[in-house]
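First up is the structure itself, then whatever we jot down about it.
Lettering follows sequence order; numbering is per chain, from 1.
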Number of protein chains: 2
Amino acid sequence: MAVLKHSKQRDMIKEFLMTRKDHPTADVVYSNVRLQNPNISLGTVYRNLTLLADIGEIQRLRLGDGVDHFDADTSPHYHFVCSECGRVIDLELDSITGITDSAQTHFKGHIAGHITYFYGTCENCMNE
Amino acid sequence: MAVLKHSKQRDMIKEFLMTRKDHPTADVVYSNVRLQNPNISLGTVYRNLTLLADIGEIQRLRLGDGVDHFDADTSPHYHFVCSECGRVIDLELDSITGITDSAQTHFKGHIAGHITYFYGTCENCMNE
DNA sequence: ATGATAACAGTAATCGTTACTAATTTCATT
DNA sequence: AATGAAATTAGTAACGATTACTGTTATCAT
């Protein structure tokens with residue numbers, strides 16, 4: 001990979017993402033970062049989100065809603081997606097890495113890991 | 001919902017899907033069904049795959065590769081996605097529905113279920 | 001300061017999917 | 001069997017998220 005050069009835009013994107021716990025999409029990142037730098041390009045946001053995810057500084061979440069979400073918290077944890085409002089919420093959950101092992105027992109390839117997320121109705125939507 | 005009327009195109013799509021264990025995409029369904037009916041429209045394929053999934057006759061799989069896959073096997077089971085070749089393979093795995101309960105314990109909304117799939121290198125790609 | 005190259009803004013293109021429309025098919029009722 | 005209302009179709013246009021391109025600007029080792 002090419003040598004990484006510093007960029008103000010990348011810093012802004014990373015910093016914005018660290019202030020948020022709601023796993024925003026590229027578009028949300030774009031419109032928020034634009035408040036500070038109205039000239040930033042949507043392509044720049046996408047490119048840097050991809051780059052940051054590739055070097056492991058952020059996490060890309062694919063939650064089946066057709067839009068990528070991004071999370072500055074790279075520690076392993078699980079997510080809940082509200083089927084009503086689409087909200088994405090962190091979940092406290094004891095590690096379930098054991099399921100990778102138990103999936104491996106009957107499988108001849110190599111299982112490197114798993115993707116799991118939960119869905120249902122969030123607290124907010126239940127009170128309606 | 002409107003009354004369902006029979007359609008030859010829908011039958012062909014369902015029948016094709018039942019012959020396949022490799023979880024084809026809409027496009028693969030389209031090009032195969034077109035061998036029998038060259039006039040069928042891609043929109044018809046999408047509409048019927050969605051309809052069949054809505055009435056529970058098939059399953060729509062979202063596996064994080066940006067393309068929907070479809071499975072005529074509607075029984076609950078898990079999938080493996082090869083990171084090398086993209087192949088999707090059924091997995092034998094004892095039920096892990098318990099994780100839904102254990103996710104529920106610390107969560108105030110209602111968890112209806114979970115999506116889990118595994119990734120790694122398939123047997124084919126390991127022999128290369 | 002210079003120069004190589006990474007990153008940028010702006011825009012066009014791509015890809016999977018959905019929406020639209022006029023014509024056709026299904027099917028319950030005659 | 002003929003009628004007609006409604007579902008379905010083929011074909012095509014539109015859409016939204018993302019990626020690619022291009023000429024310009026910023027970074028940074030020398």
Side-chain angles (χ1 to χ4, degrees), chain A residues 1-17 22-55 57-71 81 85-86 88, chain B residues 1-17 22-55 57-71 81 86-88:
Chain A
M1 195 153 42
V3 177
L4 199 69
K5 287 190 182 171
H6 184 255
S7 110
K8 295 181 175 68
Q9 288 86 343
R10 182 154 60 239
D11 285 350
M12 289 176 58
I13 290 165
K14 174 87 185 286
E15 272 163 32
F16 168 72
L17 213 51
D22 64 343
H23 320 81
T25 62
D27 214 60
V28 171
V29 174
Y30 175 57
S31 55
N32 277 277
V33 169
R34 240 155 73 97
L35 301 177
Q36 288 176 251
N37 175 358
N39 287 328
I40 198 170
S41 164
L42 181 58
T44 297
V45 172
Y46 271 103
R47 184 166 15 79
N48 279 296
L49 287 172
T50 298
L51 193 158
L52 289 167
D54 285 348
I55 64 178
E57 294 199 18
I58 67 173
Q59 216 183 339
R60 183 196 298 265
L61 306 179
R62 300 210 144 126
L63 303 168
D65 61 354
V67 201
D68 287 358
H69 296 254
F70 296 89
D71 191 347
V81 184
C85 66
V88 180
Chain B
M1 197 156 35
V3 177
L4 199 70
K5 287 189 181 171
H6 184 255
S7 111
K8 295 182 176 68
Q9 288 86 343
R10 184 154 59 240
D11 285 351
M12 289 176 58
I13 290 165
K14 175 86 186 286
E15 272 163 34
F16 168 71
L17 213 51
D22 63 344
H23 318 82
T25 62
D27 214 60
V28 171
V29 174
Y30 175 57
S31 54
N32 278 276
V33 169
R34 239 155 73 96
L35 301 176
Q36 289 177 252
N37 175 357
N39 287 329
I40 198 169
S41 164
L42 181 58
T44 298
V45 171
Y46 272 103
R47 184 166 16 78
N48 279 295
L49 287 171
T50 298
L51 193 158
L52 289 167
D54 285 348
I55 64 178
E57 293 199 17
I58 67 174
Q59 216 183 337
R60 182 195 298 266
L61 305 178
R62 300 209 144 127
L63 303 168
D65 61 354
V67 201
D68 287 358
H69 296 255
F70 296 89
D71 191 346
V81 184
R87 215 178 302 237
V88 180

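Of the residues near DNA chain C, A/Gly43 and A/Leu51, the one whose nearest nucleotide (by heavy atom distance) lies more toward the 5' end is A/Leu51.
With hydrogens and angles disregarded, no donor-acceptor distance shorter than 3.5 Å links the side chain of B/Arg34 to the backbone of B/Leu42.
Here A/Lys5 does not reach the OP1 or OP2 of C/dA4: none of its side-chain N or O atoms lies under 4.0 Å away. Residue A/Tyr46 places at least one side-chain N or O under 4.0 Å from the OP1 or OP2 atom of D/dT18. Proximity of B/Asn48 to the phosphate of D/dT9: a side-chain N or O atom is located under 4.0 Å from OP1 or OP2. Within the 4.0 Å cut-off from OP1 or OP2 of D/dA10, at least one side-chain nitrogen or oxygen of B/Thr44 is found. Listed pair A/Ser7 / C/dC8 meets the phosphate criterion, a side-chain N or O lying under 4.0 Å from OP1 or OP2.
In this structure the side chain of A/Leu49 never reaches within 4.5 angstrom of the side chain of A/Arg60, judged on heavy atoms.
Closest approach of A/Ile40 to A/Ile13, counting heavy atoms only: CD1-CD1, 4.4 Å.
The CG atom of A/Asp54 sits 12 Å away from the P atom of C/dA7 (whole-angstrom rounding). In this entry the distance linking NE2 of A/His6 with P of C/dC8 reads 10 Å, nearest Å. For the pair A/Gln9 CD and C/dA6 P, the interatomic distance rounds to 17 Å; values are reported in whole Å. Following rounding to the nearest Å, A/His69 (NE2) and D/dA17 (C1') show an atom-to-atom distance of 12 Å. The CG atom of B/Asn39 sits 17 Å away from the P atom of C/dA23 (whole-angstrom rounding). The CG-P distance, from B/Leu4 to D/dT9, rounds to 10 Å in whole Å. Here the C1' atom of nucleotide C/dG10 and the CG atom of A/Asn37 are 14 Å apart, to the nearest Å. One can place CG of A/Asp65 at 15 Å from P of D/dG16, the figure rounded to the nearest angstrom.
Counting any heavy atom pair closer than 4.0 Å across all strands shown, B/Arg47 reaches a base atom. Counting any heavy atom pair closer than 4.0 Å across all strands shown, B/Leu42 reaches a base atom. Across all strands, B/Asp27 comes closer than 4.0 Å to no nucleic acid atom at all (heavy-atom distances).
Only one option out of A/Leu63, A/Val81, A/Val28 pairs with A/His69 in a side-chain contact (heavy atoms from CB on, under 4.5 Å); it is A/Leu63.
A donor-acceptor contact closer than 3.5 angstrom is absent between the side chains of A/Thr50 and A/Arg47.
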